[in-house]
Amino acid sequence: MTNPVSKSNKVQFTGYAGAQAGLVRNVSNEIYANAGAMLGGEINYKGTFLRAQIGRGTATSKSVELGHTFDIGRNMGLELSAKAQDSRSLIAKGDACATINSKAQGTVTDKNKETGENVQVLYNYSDSAKIKTKWSMADSRLGGQAKLTFGSSTARFGVGVEAGIHYDNKPTVGYNYSSNYTLDADIYGEKKTIQFQSKADGTLVENTTKGYVTPAVSADIKLNKHLSFNANADLYQAQAGIRYNF
């Protein structure tokens, strides 16, 4: 870490407000912008910390991280933490469309009531329908991170690795489709109505969950007493912003 872990018996709190811009790539490789205002803070007690942040703009976002920082040398530290985060785009939409085709052809055997003779009636039936759905692109992750931090009192950098699971929060959309077909036939002068039914069911779209492992980097640079530049990036997201610290 940049400064030794505080041995104070007092709980330390820092808060901030600011603006950020970045991109998110979710588990389905959908990419959307996450830019707007943010509000967050950190509670720290002898190196054990709890961080939380919320944001709103092109997407809503929230994150929480619990961990501990260990001194490992001059201006260096090892940060271990568990984290959870979620974002959902207010602009970008995913969509899915399926076309269901039903076809049937063949013969139906019926019996003439007067003669008792079996008669075959030919039929040829086809039908189709389209099913569409839309949803807001999103990404949620639960994971753990190990990060080496280094720098000075005015600039801190981090390099590490993060692993966990993430999912894209798609709605599970199923379909249950049926259609009816009526064939009017004239069998030796006798009117016959023959009915057919076609059915189809399945899942049009469903939530995707996968494990992930990614390198992670971060930077925290103080611009003056209250302002700082902050950035973080990994294989699935990148964010940069300006914070007013209080």
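Predicted model only: the values in this text are computed from it and were never measured.
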Between Lys93 and Ser136, is any pair of side-chain heavy atoms under 4.5 Å apart? yes
Quick one: CG on Leu80 to OG1 on Thr48, what's the gap to the nearest 0.5 Å? 11.0 Å
Can any side-chain N or O of Asn26 pair as donor or acceptor with the backbone N or O of Asp168 at less than 3.5 Å? no
Do Asn176 side-chain atoms and Asp201 backbone N/O form a donor-acceptor pair below 3.5 Å? no
Is there a side-chain contact between Arg56 and Leu90, using heavy atoms and a 4.5 Å cut-off? yes
Hey, are the side chains of Tyr212 and Val27 touching, using non-hydrogen atoms and a 4.5 Å cut-off? no
Compare every heavy atom of His68 with every heavy atom of Lys46, then report the nearest pair and how far apart it is. O-CE1, 3.3 Å
Contacts of type side-chain contact (heavy atoms from CB on, under 4.5 Å), residue Asp220, not counting sequence neighbours: Arg156, Ser228, Asn230
Do Asn34 side-chain atoms and Leu23 backbone N/O form a donor-acceptor pair below 3.5 Å? no
Is there a side-chain contact between Arg25 and Asp139 in this structure, where contact means two heavy atoms from C-beta onward sitting under 4.5 Å apart? no
For residues Tyr16 and Gln53, report the shortest heavy-atom separation together with the two atoms involved. OH-OE1, 2.6 Å
May I ask you to list the residues sharing a hydrophobic cluster with Val213, side-chain cutoff 4.5 Å, ordered by chain and number? Val161
Decide yes or no on side chain to side chain contact (heavy atoms under 4.5 Å, CB included) for Phe150 and Asn75, but give the supporting numbers first. CA-CA 6 Å; Phe150 56 92; Asn75 293 333; 5.9 Å; no
To the nearest 0.5 Å, tell me how far Leu148 CG sits from Glu79 CD. 10.0 Å
Quick one, Val11 and Ile43 - any side-chain contact, counting heavy atoms below 4.5 Å? yes
Hydrophobic clusters here meaning ILVMFWY residues chained together by side-chain heavy-atom distances under 4.5 Å, can you tell me if Met38 and Leu223 are in one? no
With Ala17, which residues qualify under side-chain contact (heavy atoms from CB on, under 4.5 Å), at least two apart? Leu39, Phe246
Smallest separation among heavy atoms of Glu206 and Lys170, with atom names: O-CD, 3.8 Å
If I take atom CG from residue Asn207 and atom OG from residue Ser28, how far apart are they, to the nearest 0.5 angstrom? 8.0 Å
Measure the shortest side-chain to side-chain distance between Val217 and Phe157 over non-hydrogen atoms and say whether it is less than 4.5 angstrom. no
All heavy atoms of Tyr45 vs all of Lys10, minimum pair found to be CD1-O, 3.8 Å
Check the surroundings of atom NZ in Lys83: do more than 12 heavy atoms from other residues, nucleotides or ligands lie under 6.0 Å from it? yes
Atom NZ of Lys210 with >12 non-hydrogen neighbours under 6.0 angstrom: no
Side chain to side chain contact (heavy atoms under 4.5 Å, CB included) between Ile100 and Ile131, worked out: CA-CA 8 Å; Ile100 302 171; Ile131 299 176; 3.5 Å; yes
For Met137 and Gly94, work out which heavy atoms get closest and say how close. CG-N, 4.0 Å
Please check if Met76 and Leu78 belong to a single hydrophobic cluster, counting links between Ile, Leu, Val, Met, Phe, Trp and Tyr side chain heavy atoms closer than 4.5 Å. yes
Residues 57-66, side-chain donor-acceptor partners within the protein, below 3.5 Å, at least two apart:
residue : atom : partner : partner atom : Å
Thr58   : OG1  : Ala33   : O            : 2.9
Thr58   : OG1  : Ala35   : N            : 2.9
Lys62   : NZ   : Asp86   : OD2          : 3.2
Glu65   : OE2  : Ser81   : OG           : 2.6

Taking atom types as modelled and ignoring hydrogens, do the side chains of Ser87 and Tyr32 form a donor-acceptor contact shorter than 3.5 angstrom? yes
Minimum-distance pair of heavy atoms, taken over all atoms of Leu142 and Ala84: CD2-CB, 3.4 Å
Whether Thr214 side chain and Leu235 backbone form a donor-acceptor pair below 3.5 Å: yes
Heavy atoms, side chains only, cut-off 4.5 Å: are Thr99 and Lys130 in contact? yes
Can Arg141 be said to sit on top of Tyr236's aromatic six-ring, NZ or CZ under 6.0 Å from centre and within 45° of the ring axis? no
Salt bridge (charged side-chain N to carboxylate O under 4.0 Å, His left out) against Glu42, all qualifying residues, sequence neighbours excluded: Arg51
Could you go through Asp95 and Lys132, starting from their C-alpha distance and side-chain angles, then the distance that decides it, and tell me whether this counts as side chain to side chain contact (heavy atoms under 4.5 Å, CB included)? CA-CA 7 Å; Asp95 61 81; Lys132 297 181 180 180; over 6 Å; no
Going by the rule ring pair (Phe, Tyr, Trp, His ring centres under 6.0 Å), which residues pair with Tyr244 if we only count those two or more places apart in sequence or in a different chain? His226
Asn169 side chain reached by Trp135 side chain, heavy atoms, under 4.5 Å: no
